[in-house]
Amino acid sequence: MIELSSVAAAFLILGAATVHAATKVSKADFGKTPDGAAVEIFTLTNEHGLEARICTYGGAVVSLKTPDKNGQMADIVQGFDSVDGYLNPKEPYFGALIGRYGNRIGHAQFTLDGKVYHLPANDGANTLHGGDKGFDKVVWTPRQLPDGGLELTYISKDGDEGFPGTLKAVVVYHLTSANELKIDYTATTDKDTVVNLTNHSYWNLKGAGNGLILDHILTLHASKFTPVDSGLIPTGELKPVAGTPFDFTKPTAIGGRIDQNDEQLKLGHGYDHNFVIDRTGSGMTLCARVEESTTGRVMEVETTEPAVQFYTGNFLDGTLKAKGGHVYPFRAALCLETQHYPDSPNHPSFPTTELKPGQTYKTTTLYRFSVKK
Ligand code: GLA
């Protein structure tokens, strides 16, 4: 038995290595948290020279270098040079893994199996991105996989930030030979709970710190979105985008209508809304495509999730000193956070975010990079 399983393991490793042999991974120190925990940063480089750096604090994508149409590399995500930048309480989730619940839960509470759970109110009266100490503010345990992937594990205790059940979250990053940053999320629980994991990378295809994203051209395969109230909590309505500034079903400049006199745009200070992905079944589907004409960079987003939060960096204000001395002003980046709808635990009509013991939460999202000459 022992012999057989180690032979199988050797084959598995060999098989995986053949597929991803060209992904090189190295690691370095990235600093320490205030309580002395060491933070590491892993560099994944694929055979085409794309490079992703991911740190164990918040599992954050710290940098991502891709070529433009002339082969010039630039770092297209916002971030900091060391863990210290991520420890600033004003840090707006740059590149981080978000959990247990991406986006907002209204009135910082929800009812599950007849019991009311109270969460920290860290965004007005509501809970944002998992509470005061979400998955973006913890150190994940890393493991380098034989296929070049980086696995990050975090075990969130029963009652952590008010959520029920011990939740084991495992996130795997791959930088594939098809120039994709692929993120596989899994989670299990020992009590009924709710979960909604995502990644909060801030993209600027000109290079982070090189201006605004208003001229980026966006396509969103979403013919409906979930309008919000003044606290950015969904009203429950699924509203058609047709005839509104939320219609990105055809390639459209992000800044073209962003300052229109539209109630929803005013509430979001721009785009900060959950778009319902048009899909024909479950599985991976293309939800978004972003193009930037001066560099020719193109980013496509595929996901198994039902929705995507499109956010135009409306809370960026240029005050944080970031990588390489850059600052990031208002609308200097965009986020495409694949997810279940915000506040789903309080909206029985939305796709469920409940997870029960014995079930495995499993989602995948990938960001694919190319150039258009
Ligand atoms: C999400 C939210 C925004 C904002 C950012 C982080 O995109 O929807 O309202 O909180 O995260 O600043």
Side-chain angles (χ1 to χ4, degrees), residues 58-61 77-80 85-106 108 119-137 161 196-204 208 213 216 218 220 222 225-235 246 248 254 258 264-276 287-288 290 301 303 305-320 322 327-344 346-347 350 353 365 367:
V61 178
V77 296
Q78 296 189 166
F80 298 98
Y86 295 90
L87 297 170
N88 181 340
K90 288 195 174 147
E91 195 280 320
Y93 310 92
F94 287 167
L97 296 176
I98 305 294
R100 293 186 185 195
Y101 199 95
N103 213 279
R104 292 173 178 78
I105 295 183
L119 312 171
N122 62 334
D123 188 64
N126 306 316
T127 304
L128 176 64
H129 294 330
D132 290 330
K133 191 171 181 188
F135 288 3
D136 58 297
K137 294 181 183 66
E161 297 296 300
N196 190 25
L197 306 179
T198 191
N199 174 278
H200 209 307
S201 287
Y202 283 71
W203 307 98
N204 183 322
I213 45 75
H216 285 42
L218 173 69
L220 278 177
F225 76 108
T226 52
V228 289
D229 67 14
S230 59
L232 299 187
I233 299 297
T235 59
F246 291 79
F248 285 94
I254 289 173
I258 198 167
Q264 284 297 314
L265 284 174
K266 284 190 185 157
L267 291 171
H269 308 282
Y271 296 100
D272 191 353
H273 293 80
N274 174 68
F275 285 73
V276 178
C287 70
V290 189
V301 186
T303 189
E305 288 280 18
V308 59
Q309 184 83 10
F310 170 47
Y311 169 58
T312 42
N314 312 312
F315 297 121
L316 296 173
D317 61 7
T319 54
L320 297 173
V327 291
Y328 305 129
F330 184 55
R331 297 179 179 160
L334 64 101
C335 301
L336 289 163
E337 303 152 65
T338 54
Q339 61 185 12
H340 272 55
Y341 309 175
D343 201 30
S344 296
N346 293 314
H347 291 272
F350 288 176
T353 51
T365 293
Y367 300 87

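The shown structure was predicted, so the numbers you read here are calculated from the model rather than taken from an experiment. Each ligand, and each atom within it, is numbered from 1 in the order the structure gives. The basis for the numbers below is simple: all heavy atoms, side chains too, and nothing from hydrogens, waters or symmetry mates.
- Considering only non-hydrogen protein atoms, atom 1 (C) of ligand 1 sits nearest to H129 NE2, 3.2 Å.
- For atom 8 (O) of ligand 1, the closest non-hydrogen atom on the protein side is D272 OD1, 2.6 Å.
- Considering backbone and side-chain atoms together, Y93 places no N or O closer than 3.5 Å to any N or O of ligand 1.
- Residues N196 and R100 bring no donor and acceptor atom of their side chains to less than 3.5 Å of each other.
- Short contacts between ligand 1 and E337, defined as distances under 4.0 Å to a heavy atom of the residue, involve ligand atoms 1 (C), 7 (O).
- The aromatic rings of Y93 and H200 sit parallel, their planes meeting at an angle under 30°, below the 60° perpendicular limit.
- Listed by number with element, the atoms of ligand 1 under 4.0 Å from a non-hydrogen atom of Q309 are 8 (O).
- Proximity of L128 to ligand 1, defined as any heavy-atom pair under 4.0 Å, is confined to the side chain (atoms from C-beta onward).
- Taking 4.0 Å as the cut-off, Y202 counts as a neighbour of ligand 1 on heavy-atom distance.
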_With ring-ring contact (aromatic ring centres under 6.0 Å, His included) as the criterion, how do F225 and F310 come out once you've worked through the C-alpha distance, each side chain's angles and the decisive distance to 0.1 Å?_
CA-CA 10 Å; F225 76 108; F310 170 47; over 10 Å; no
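- Between the side chains of D343 and N346, at least one donor N or O sits under 3.5 Å from an acceptor N or O.
- At least one donor-acceptor pair closer than 3.5 Å links the side chain of N204 to the backbone N or O of A332.
- Scanning H200, H269, R104 for the heavy atom closest to atom 5 (C) of ligand 1 points to H200.
- Contacts between N103 and ligand 1 below 4.0 angstrom, taking non-hydrogen atoms only, involve the side chain exclusively.
- Judged purely by atom type and a 3.5 angstrom limit, Y311 has no side-chain atom pairing as donor or acceptor with the backbone of E337.
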*Decide yes or no on side-chain hydrogen bond (donor to acceptor under 3.5 Å, both in side chains) for T365 and T338, but give the supporting numbers first.*
CA-CA 7 Å; T365 293; T338 54; 2.7 Å; yes
